[in-house]
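What follows is a short report on a single structure.
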Amino acid sequence: MSGYVHLFIPGPTNIPEEVRQAMNLSMEDMRSARFPELTLPLFADLKKVFKNETGRVFIYPSSGTGAWEAAMTNVLSPGDNVLMSRFGQFSHLWVDMAERLGFKVDCLDMEWGTGVPVELYAEKLAADKAHRIKAVFVTQNETATGVTSDVAAVRRALDAAGHPALLFVDGVSSIGSIDFRQDEWGVDCAVSGSQKGFMLPAGLGFLSVSQKALEASKTGRHIRCYFSFEDMIKTNDIGYFPYTPPTQLLRGLRASLELIFEEGLENIFARHHHLANGVRAAVTAWGLKLCATEPKWHSDTVSAIRLPEGIDGVEVIQHAYRAYNTSLGSGLSKVAGKVFRIGHLGSLNEGMVLGALGAAELTLLDCGVKIEAGSGVGAAINQFRAAATATTARAA
Ligand SMILES: *Cc1c(COP(=O)(O)O)cnc(C)c1O
């Protein structure tokens with residue numbers, strides 16, 4: 001089929017041309033005298049994205065899931081009690097990993113379409129006078145349902161209870177796209193990956209840790225090997241890795257960080273909010289509902305959209321791909337076949353979002369969903385224009 005394949009899944013996301021070009025280079029010697037000129041600034045600059053001035057960041061040759069494992073095996077000990085919540089496929093997989101790694105998981109199962117139950121966390125923490133809970137987990141952005149949770153509120157709950165538990169955050173589909181402040185929110189382990197907000201291929205797992213997490217790793221008794229902080233720190237401190245790093249991805253990361261700083265994190269967050277508002281306006285105009293049950297859960301990086309009864313989500317995704325060269329996100333696990341997702345994060349602008357909405361409209365109409373042609377695209381255009389007018393008025 002002629003033209004681009006339109007990629008509107010919530011990761012991997014579109015790779016800017018500058019980043020792609022930066023990765024098109026010959027192999028280089030990862031033990032050369034000059035290699036640290038690349039790596040040391042990468043570590044320093046990644047910390048800026050996490051807003052972590054006091055701790056350090058690890059870059060693993062893995063997807064985000066590897067950084068999850070690195071966080072848990074370095075910082076915790078087998079049998080440790082951890083408090084988690086599950087409300088989508090990614091929070092589910094994190095719980096599953098914690099169980100398989102031998103932690104005692106107290107998992108709060110919440111309705112899919114909602115997020116981290118801060119009030120329930122607060123109760124559990126207040127009741128835990130003996131401080132048995134060693135870590136509290138937050139999936140900041142549940143990519144399966146398009147739900148964003150309030151990390152700062154979980155920090156407040158920990159502080160209110162005077163509880164010393166470590167705070168772990170999965171920010172794979174949020175960090176670099178949605179507000180995140182590691183130091184300010186007292187996050188001990190923040191996990192992300194290269195293929196979402198960082199606009200790179202999959203293959204780098206980022207783990208940003210606090211001093212408290214680094215201290216805990218010294219007494220943590222879980223077996224760790226490939227992901228060992230100790231091995232990493234020894235070599236990272238002088239600009240190297242304990243094993244062969246993916247040098248092209250690191251060159252790409254340099255380029256993507258340049259783009260991120262050029263635009264500015266706060267502007268990136270505002271752009272994601274603006275584009276997400278356009279998508280949400282379209283969903284409303286179609287007469288459809290988001291999976292997120294309330295506005296407070298709305299994600300600025302991905303929207304999961306509920307399909308009417310009798311419409312098969314798998315067919316919708318396949319039709320968009322076959323007929324319109326457009327990749328939309330499928331429903332996962334519990335919501336398989338019931339929702340489709342539009343990923344709106346990374347290197348993205350209004351025209352691209354309107355393209356995705358247009359392809360989605362064509363697909364929905366073809367699949368028998370009763371929407372009015374152009375209604376969603378029109379609503380998004382109006383939303384974008386109203387926001388632009390408001391900005392101009394403010395500037396004047
Ligand atoms: C994508 C994603 C992951 C998994 O990351 P991989 O890079 O596929 O291992 C974990 N959590 C969230 C919230 C995600 O969106």
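Indexing begins at 1, ligand by ligand and atom by atom, following the structure's order. Below, all heavy atoms of this structure are taken into account, side chains as well, without hydrogens, waters or symmetry copies.
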- When F206 is tested against each of F198, F180, F58 for ring pair (Phe, Tyr, Trp, His ring centres under 6.0 Å), which residue passes? F198
- Quick one: which ligand 1 atoms are inside 4.0 Å of a heavy atom on S173? 13 (C), 15 (O)
- Query: Has W68 got any heavy atom lying under 4.0 angstrom from an atom of ligand 1?
  - Reply: yes
- Task: Mark up the atoms of ligand 1 that fall under 4.0 Å of a heavy atom belonging to Q195, in ascending order.
- Result: 6 (P), 7 (O), 8 (O)
- Backbone or side chain, does any N or O of S63 fall under 3.5 Å from an N or O of ligand 1? yes
- Close-contact set for ligand 1 against N141 heavy atoms, below 4.0 Å: 13 (C)
- Of all protein heavy atoms, the one nearest atom 4 (C) of ligand 1 is T65 OG1, 3.8 Å
- The closest protein heavy-atom partner of atom 11 (N) of ligand 1 is D170 OD2, 2.6 Å
- Task: In sequence, state the C-alpha distance, the side-chain angles, and the governing distance for F168 and W68, and then conclude on ring pair (Phe, Tyr, Trp, His ring centres under 6.0 Å).
- Result: CA-CA 9 Å; F168 283 53; W68 270 357; over 10 Å; no
- Message: Walk me through whether T139 and F87 qualify under side-chain contact (heavy atoms from CB on, under 4.5 Å).
- Response: CA-CA 9 Å; T139 299; F87 38 80; 4.2 Å; yes
- Query: Closest non-hydrogen protein atom to atom 3 (C) of ligand 1, residue and atom name please, with distance?
  - Reply: F90 CD2, 3.6 Å
- Ignoring hydrogens and angles, tell me if any N or O in the side chain of S192 forms a donor-acceptor pair with the backbone of G171 under 3.5 Å. yes
- Message: Under 4.0 Å, heavy-atom basis, I'd like to know which part of E142 is in contact with ligand 1: side chain, backbone, both or neither.
- Response: neither
- Task: Report whether L158 and V187 are members of the same hydrophobic cluster (ILVMFWY, side-chain heavy atoms less than 4.5 Å apart, transitive linking).
- Result: yes
- Message: Whether E69 and R224 form a salt bridge (side-chain N of Lys/Arg under 4.0 Å from carboxylate O of Asp/Glu) is what I want to check.
- Response: no
- Query: In ligand 1, which numbered atoms sit nearer than 4.0 Å to a non-hydrogen atom of T143?
  - Reply: 12 (C), 13 (C), 14 (C), 15 (O)
- Nearest 0.5 Å, what's the CZ-CZ distance between R31 and F241? 11.5 Å
- Message: Regarding ligand 1, does K196 bring an N or O atom to under 3.5 Å of one of the ligand's N or O atoms?
- Response: yes
- Query: Do D159 and R155 sit within salt-bridge range, that is, some charged N less than 4.0 Å from a carboxylate O?
  - Reply: yes
- Close N or O approach (G64, ligand 1; < 3.5 Å): yes
